[in-house]
Student: 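The structure is given below, and queries will be raised subsequently.
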Amino acid sequence: MSKKKNKFDLSSLVSDGVVKEGQTLFFVSDPAKKCTIVRQINGEYKVSMGKETMTIHAFAQKCLGQDPPDHATKWIRTEGIKTLYDLWHAGDVAYAA
């Protein structure tokens, strides 16, 4: 059985220790465009860019100037070269039956 993750959930990545609250994330095509992972009052995690708090999708959309042509997580990366998409799906092979 596969542990395939169908819907992206930043809060799950934080609770799994893959990324951390306060961590900076970068737009793949322009690292000057960055955001920080922040916890909301309801316990969910979103990203903050300046004074604006938004979802990963909204951040990618803001950086691209349009809806992402594929999953928004492919457009956001950590300090290293891993995109959120790579981190989100990293366990898929390990959990495959």
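Heads up: numbering here begins at 1 and tracks the sequence.
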Student: Mind checking the OG-CG spacing from Ser11 to Asp16? Nearest 0.5 Å is all I need.
Tutor: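 Nearest 0.5 Å value for the OG-CG distance: 10.5 Å.
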Student: Quick one: does Gln23's side chain have a donor or acceptor within less than 3.5 Å of a partner on Lys20's backbone?
Tutor: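 Flag set: sc Gln23 to bb Lys20 pair under 3.5 Å.
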Student: With rounding to the nearest 0.5 Å, note down the distance linking NZ in Lys7 to OG in Ser12.
Tutor: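 So the gap between those two atoms works out to 10.5 Å.
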Student: Can you see which heavy atom on Ala72 is nearest to which on His57, and at what distance?
Tutor: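 That closest heavy-atom pairing would be CB-CA, 3.6 Å.
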Student: A quick test of your reading: do over 12 heavy atoms of other residues, nucleotides or ligands sit less than 6.0 Å from NZ of Lys33?
Tutor: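 Count over threshold, so yes.
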Student: Please round to the nearest 0.5 Å and tell me the distance separating atom SG of Cys35 and atom CZ of Phe27.
Tutor: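 Rounded to the nearest 0.5 Å, the SG-CZ separation comes to 11.0 Å.
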Student: For Phe8 and His71, which heavy atoms make the closest approach, and how far apart are they?
Tutor: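 Where Phe8 meets His71 most closely, the heavy atoms are CB-CE1, 3.7 Å.
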Student: Using a strict threshold of under 4.0 Å (side-chain N to carboxylate O), is an ion pair present between Glu52 and Lys62?
Tutor: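 Looking at Glu52 together with Lys62, the answer is yes, because their closest N to O distance falls below 4.0 Å.
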Student: Find the distance between CD1 (Ile76) and OG1 (Thr78) and round it off to the nearest 0.5 Å.
Tutor: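 One gets 11.5 Å once the value is rounded to the nearest 0.5 Å.
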Student: For residues Val38 and Val47, report the shortest heavy-atom separation together with the two atoms involved.
Tutor: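 For Val38 versus Val47, the nearest heavy atoms are CG2-C, 4.2 Å.
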Student: Hey, could you give me the CD1/OG1 distance between Ile56 and Thr73, rounded to the nearest 0.5 Å?
Tutor: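 Result: 8.5 Å between the selected atoms.
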Student: Is it the case that the side chains of Gln40 and Asn42 hold a donor-acceptor pair, with the cut-off being a distance below 3.5 Å and no angle test?
Tutor: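 The answer is no; no qualifying pair exists.
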Student: Could you grab the distance from atom CH2 of Trp75 to atom OG of Ser29, nearest 0.5 Å is fine?
Tutor: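 Separation between the atoms: 5.0 Å.
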Student: Are Tyr45 and Val19 connected in a single hydrophobic cluster, I mean Ile/Leu/Val/Met/Phe/Trp/Tyr linked by side-chain heavy atoms less than 4.5 Å apart?
Tutor: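 Shared cluster, yes.
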Student: Using the salt bridge (charged side-chain N to carboxylate O under 4.0 Å, His left out) criterion, which residues pair with Lys82? Sequence neighbours excluded.
Tutor: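 By the salt bridge (charged side-chain N to carboxylate O under 4.0 Å, His left out) rule, Lys82 matches no residue at all.
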Student: Fit a plane to each ring of Tyr85 and Trp88, take the angle between them on a 0 to 90° scale, and name the class: parallel (under 30°), tilted (30 to 60°) or perpendicular (over 60°).
Tutor: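 Tyr85 vs Trp88 ring planes: perpendicular.
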